[in-house]
Amino acid sequence: GETLTFDVNWSVFNAGQVVATLVDPGQGRMPSEIRATARSQGFASLLFKVEDTFTSYFDPQTICSNRITKEINERSKHRKIDIVFDERRGLALPDEQDLNKPGDPPKRVENKIPGCVEDIVTAFYYLRRHDLRVGHTIQIAMNDGGESHDVDVEVQAREIIQTSFGKRKALRLEPK
């Protein structure tokens, strides 16, 4: 396993941090698991407090998402969401519970998917499998429970960034 930490910046402000940990790297068993947290920090936290937790399960060979569970805590919005991606049937099967209304039944709908899709967490790992070259665009089929969307990710530039380990070479990617 490994842990990846991403700083989230909004203009000149540090807005938060995302930490993703590969819990089970596969090793012949399926599915693999990634646990991720997203938290707002500093000034951004005063404007919009975020404390979200995600657990994603995926096929380690294809990086296709099998399922993602999300616990969303953003200001007064508190939801628990479980999305199963049934690649064989071509369906995303979300189950969403509003934790502010525990007596209400969960919201359940079926949405078509194009077979293999990525969720918000597995998309990072999917990108890492590609040859990232400046000027190239990578297309990702993504689903967050509703309609699937093709997201184009542009590899924009090589940069030197400051990290807690010193200066490191990095690539800047931008999803469209």
Side-chain angles (χ1 to χ4, degrees), residues 1 3-6 8 10 15-26 29-41 44-45 47-130 137-154 173-176:
T3 296
L4 303 174
T5 302
F6 300 93
V8 179
W10 178 33
Q17 191 173 68
V18 174
V19 178
T21 301
L22 183 59
V23 178
D24 175 13
R29 298 182 312 275
M30 289 182 24
S32 290
E33 178 181 339
I34 305 166
R35 292 187 191 143
T37 58
R39 288 192 172 80
S40 56
Q41 296 176 335
S45 219
L47 296 174
F48 194 81
K49 187 161 183 71
V50 173
E51 289 186 14
D52 298 343
T53 303
F54 308 87
T55 304
S56 180
Y57 304 90
F58 66 97
D59 180 316
Q61 300 304 313
T62 62
I63 315 293
C64 296
S65 183
N66 299 131
R67 176 181 179 198
I68 185 169
T69 60
K70 303 188 285 186
E71 293 181 24
I72 306 299
N73 293 293
E74 299 171 356
R75 282 191 181 165
S76 62
K77 181 178 167 184
H78 303 285
R79 297 198 186 329
K80 185 170 185 174
I81 303 164
D82 185 10
I83 307 167
V84 174
F85 299 105
D86 187 337
E87 189 175 346
R88 185 182 54 78
R89 293 176 44 212
L91 294 172
L93 306 165
D95 186 355
E96 181 175 337
Q97 179 70 49
D98 185 341
L99 299 178
N100 292 324
K101 301 175 183 176
D104 287 2
K107 199 166 79 174
R108 294 184 172 118
V109 291
E110 292 183 356
N111 295 295
K112 291 184 179 183
I113 60 172
C116 177
V117 293
E118 304 306 323
D119 60 53
I120 192 68
V121 176
T122 59
F124 288 101
Y125 292 84
Y126 178 83
L127 282 170
R128 290 176 66 189
R129 283 214 166 162
H130 284 77
T137 299
I138 299 157
Q139 193 172 71
I140 303 175
M142 293 202 51
N143 188 288
D144 198 37
E147 288 184 32
S148 294
H149 296 279
D150 289 330
V151 176
D152 290 330
V153 179
E154 293 178 358
L173 283 69
E174 184 174 344
K176 303 276 185 182

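Fair warning: this is a prediction, and the values are worked out from it, not measured in the lab.
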When you look at Phe124 and Leu173, which way does the side-chain contact (heavy atoms from CB on, under 4.5 Å) test go after all the steps? CA-CA 11 Å; Phe124 288 101; Leu173 283 69; over 6 Å; no
Atom OG1 of Thr21 and atom CG of Leu4: how far apart are they, to the nearest 0.5 Å? 8.0 Å
Would you sort out whether Lys112 and Ser148 count as a side-chain contact (heavy atoms from CB on, under 4.5 Å), showing the intermediate values? CA-CA 7 Å; Lys112 291 184 179 183; Ser148 294; over 6 Å; no
Between Thr53 and Thr37, does a side chain to side chain donor-acceptor pair (under 3.5 Å) hold up when you go through it step by step? CA-CA 5 Å; Thr53 303; Thr37 58; over 6 Å; no
Can you tell which of Asp119, Asp95, Asp144 makes a salt bridge (Lys or Arg N to Asp or Glu O under 4.0 Å) with Lys70? Asp144
Start with the C-alpha gap between Phe54 and Ile34, add the side-chain angles, then the distance that decides, and say whether side-chain contact (heavy atoms from CB on, under 4.5 Å) holds. CA-CA 8 Å; Phe54 308 87; Ile34 305 166; over 6 Å; no
Is there a donor-acceptor contact under 3.5 Å from the side chain of Asn100 to the main chain of Ser76? yes
Would Ile140 and His130 count as a side-chain contact (heavy atoms from CB on, under 4.5 Å) if you check the C-alpha gap in whole Å, the side-chain angles of each, and the deciding distance to 0.1 Å? CA-CA 11 Å; Ile140 303 175; His130 284 77; over 6 Å; no
Measure the CZ-CD distance between Arg79 and Gln97 for me, rounded to the nearest 0.5 Å. 10.0 Å
Any chance CD of Glu147 has more than 12 other-residue heavy atoms, nucleotides or ligands included, within less than 6.0 Å? no
Ring center gap for Tyr126 and Phe58 short of 6.0 angstrom: no
For His78, which residues count as a side-chain hydrogen bond (donor to acceptor under 3.5 Å, both in side chains) partner, sequence neighbours excluded? Asn73
Distance check, rounded to the nearest 0.5 Å: Met142 atom CE versus Glu118 atom CD? 7.5 Å
